[in-house]
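In listed order, ligands and their atoms are each counted from 1.
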Amino acid sequence: METKHSRRVWLVTGASRGIGAEIASAALDAGERVVATARDPKRVTERFGSSDSVLPVALDVTNDSSISAAVGAAIAHFGHIDVLVNNAGFGVIGAIEETPGDVVRSVFETNVFGLLAVTRAVLPHMRKRRSGHVLNLSSLGGYRSGPAFGIYCSTKFAVEAISEALHDEVAPLGIAVTIIEPGYFRTEFLESKSVVETKDIGDYADTVGKVRDFAKDVSQKQPGDPKRLARAVVDVVNAKHPPLRLALGADCVEAIEEKNAFVEQELAAWRSLSTSTDFPKSSGSPTTR
Ligand code: NDP
């Protein structure tokens with residue numbers, strides 16, 4: 001694989017545990033410098049100790065003043081940020097009807113608005129240097145939605161849309177954007193300390209209920225290894241031409257293939273009706289995207 005330079009400065013959100021902690025750790029193992037941020041930075045200090053390479057910083061992605069203080073501290077300490085990993089996030093398990101508005105708003109606050117706020121705070125520093133790499137944690141659920149995960153997936157679909165646009169906006173400014181799409185990885189993501197479970201409406205027992213049971217059964221038996229994921233993220237940051245999307249885990253690759261085949265088949269089956277709604281070519285309509 002072709003590689004770029006080394007000893008970059010990474011800023012990782014949600015580095016207290018799970019995927020964020022593993023990414024921070026893999027970056028440090030690769031000789032990089034890391035601003036390891038967490039709502040409680042003591043957790044980061046406990047995990048990574050103190051060294052010249054790691055700066056533990058408090059950062060709650062739902063709090064604007066905490067974001068600007070954290071980015072300010074990173075710049076003051078290391079001078080710049082090369083790699084931003086927008087990792088902080090959590091899941092919600094429940095049917096669309098079962099999920100109250102305040103839960104929907106809170107998961108969007110973290111997974112979408114938080115990611116946007118951190119990105120807005122870091123980009124000026126990357127633009128100034130015409131260099132950088134933003135990695136946004138999406139999910140298998142950012143590509144394919146399904147029962148019980150509709151609200152969570154809607155946040156990750158938003159991350160995908162934001163990232164696709166951002167990719168094209170900042171590429172001419174020397175900044176790369178990669179969407180990381182993990183399948184099921186063995187972290188605390190499905191444990192009660194992370195995931196929010198909504199009330200249970202009996203009518204959804206055969207759809208949402210089954211996924212609820214599956215989530216309980218699979219927790220701590222997920223096929224994905226967060227350490228291997230973290231090493232893959234380091235590889236992608238080292239790549240000379242990083243991808244827009246990186247699916248991680250065989251389950252994720254399979255889900256994407258299934259969805260692509262379904263979309264292709266459905267588009268072909270309905271092509272005639274789909275293409276019947278334009279004005280006739282002679283009516284001079286402008287070209288759209
Ligand atoms: P964990 O539940 O193990 O860790 C979640 C992390 O996010 C914790 O560090 C937590 O901090 C942090 N966090 C949550 N809210 C905030 C906030 N407001 N500000 C700062 N940090 C916050 O989950 P994972 O490590 O598995 O998940 C990491 C990312 O990966 C998420 O975006 C998730 O959606 C995504 N993902 C995970 C998959 C999986 O199977 N594990 C699959 C697909 C995507 P604290 O310790 O303070 O709670």
Note to self: In terms of relative ring orientation, are Phe113 and Phe108 parallel, tilted or perpendicular, with 30° and 60° separating the classes?
What the structure shows: tilted

of all protein heavy atoms, closest to atom 25 (O) of ligand 1 is Ile19 N, 2.8 Å

Atom 18 (N) of ligand 1 has as its nearest protein heavy atom Asp60 OD1, 3.0 Å

Do the side-chain N and O atoms of Glu191 and Ser219 include a donor-acceptor pair separated by under 3.5 angstrom?
yes

**Prompt:** Going by distance alone, is a donor N or O of one side chain under 3.5 Å from an acceptor N or O of the other, for Ser138 and Asn136?
**Reply:** no

Open item on the list: Let's go through Ser66 and Asp64 carefully: what are the C-alpha distance in whole Å and the side-chain angles of both, what is the deciding distance for side-chain hydrogen bond (donor to acceptor under 3.5 Å, both in side chains) to 0.1 Å, and is it a yes or a no?
Closed with: CA-CA 5 Å; Ser66 142; Asp64 284 345; over 6 Å; no

Taken to the nearest 0.5 Å, the spacing of Ser163 OG from Ile180 CD1 works out to 10.0 Å

Take every heavy atom of [X], measure it against each atom of ligand 1, and state whether any distance is under 4.0 Å.
X      : value
Leu59  : yes
Arg43  : yes
Gly224 : no
Thr13  : no
Lys156 : yes
Arg17  : yes

Next on the checklist: Between Glu164 and Arg245, does any side-chain N to carboxylate O distance fall below 4.0 Å?
Outcome noted: yes

Note: ligand 1 atoms sitting under 4.0 Å from heavy atoms of Thr62 are 18 (N)

